[in-house]
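Below, read A as the first sequence line, B as the second, and so on, with proteins coming before strands; counting in each chain starts at 1.
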Protein chains: 2
Amino acid sequence: MARPPLARERVLDAYEAILIDDGERAATLDAVAKTAGVSKGGLLYHFASKDDLAAGLLQRLDDLVVADVAAMRTTAEGPVAYYVRTSVMEGNALDRALVAASRLAQGGNPAAAARLREVRERWADTLRPAVRDEAALQLVMLLSDGLYFNNAISGTISAEQPDDPFVPTGSALDALVALVERAVR
Amino acid sequence: MARPPLARERVLDAYEAILIDDGERAATLDAVAKTAGVSKGGLLYHFASKDDLAAGLLQRLDDLVVADVAAMRTTAEGPVAYYVRTSVMEGNALDRALVAASRLAQGGNPAAAARLREVRERWADTLRPAVRDEAALQLVMLLSDGLYFNNAISGTISAEQPDDPFVPTGSALDALVALVERAVR
DNA sequence: GTCTATATAGCGATAGAC
DNA sequence: GTCTATCGCTATATAGAC
């Protein structure tokens, strides 16, 4: 109970990977089981149904968001810079869970859509004390959503990231963060 | 040829509506045919396959974007204000085609993902002369993506829009537009 | 141009052996 | 705890009548 079965985590990893790389349609029980290296029966021992599998992913997202909000509150650069900067997907656990949940939501899963909105509100509550007003808060949050959305779309196209002009990195990201901080403070 | 068959347009409307309201998974040929008021055979006369149906939707999106870019170039309030303001979904033809295509892209359709990126670049080219630098351009574009993304997520949850704090309308939208224009000009 | 009927394949889920 | 085998359903697509 303290340490969940390894197979369970591997199944969740595989589900996430297929959602991100190939979309909601491709994330069948067969495909997830195969990628995780278990049989379909084995998968269904850990997750009783496909809905249960989705619930497992959303629970994982929730845990990661709790940790992220804690980090956001204590970071030296301040919550706004932290939030914008970490919205550029680096492929860490939170990024992956978030994009996978977004795929689920757009595929028509109401639980995923509801959870994403809850998560968003938790982030908003953390950012609010650091910005001037509600318009500034919206600017920061919507910009972050835009970054995630573009990363999610980019991911669908095979093997291409290097020269994408719409997901800024390096000095372009620094410039964007600086511009946002001037606008909202 | 000059005026496409009415049934074809009705099928496309139905496909769009189901994608928006219920997600990619729900947009089966059966469901689309039923909503459009034709049989599955009738649908497949106009669109030879499901891929062909998706291609029809993407073509419709393309036509609407051409018209939108033209409007953006000639509007009195300027392209930036026009772009941000019209990113709040009002349920017009362009909004609907865009959200439907986004559902398709996140569902794993590579053609939809590629088309969305092309569309984005056309908008970027139109906005570029009106903003200070590339960071400012990114801020405007990402914010618009965020607005669309949130509207897309909201749409998934049944019958709820009135008190959504994240899709600003009225004076809140005016404040956001003003803030963005100050930041990017 | 639109219909019904049907072929074929893939999906989620169950049963029961090991 | 993990497997194989299989059921029942739904999906896309085809064939051919009207």
Atom-to-atom span, NZ of B:K40 to C1' of D:dA11 - whole angstrom: 7 Å
Sugar-phosphate, base or nothing in reach of A:S39, heavy atoms under 4.0 Å: base
Nucleotide C:dC3, atom P - distance to CG of B:L43 in whole Å: 10 Å
Minimum-distance nucleotide (side-chain atoms of A:Y45 versus C:dC3, C:dT2, D:dG1): D:dG1
Exercise: do A:D68 and A:Y82 side chains pair donor with acceptor under 3.5 Å: yes
Spacing of A:E24 atom CD relative to C:dC11 atom P, expressed in whole Å: 12 Å
Worked verdict on A:R185 versus A:V131 for side chain to side chain contact (heavy atoms under 4.5 Å, CB included): CA-CA 5 Å; A:R185 216 160 18 199; A:V131 297; over 6 Å; no
Close side-chain approach of B:N92 and B:D95, heavy atoms under 4.5 Å: yes
B:A55 backbone acceptor or donor facing B:R115 side chain under 3.5 Å: no
Distance, rounded to the nearest Å, where A:L29 contributes CG and D:dC9 contributes C1': 14 Å
Minimum-distance nucleotide to A:R25 side chain [options: D:dT12, C:dA13, C:dC11]: D:dT12
DNA chain D contacts among residues 46-55 of chain B, heavy-atom distance under 4.0 Å: B:S49, B:K50
Of A:L44 and A:A26, the one whose closest DNA chain C nucleotide lies more 5': A:A26
Selected nucleotide, minimal atom distance to A:A7 side chain, candidates D:dT12, D:dT2, C:dA13: D:dT2
Below 4.0 Å: OP1/OP2 of C:dT2 and any side-chain N or O of B:R10: no
Passing option when A:V167 is tested against A:L173, A:I153, A:N151 for side chain to side chain contact (heavy atoms under 4.5 Å, CB included): A:N151
Any donor-acceptor pair under 3.5 Å from A:S102 side chain to A:L98 backbone: no
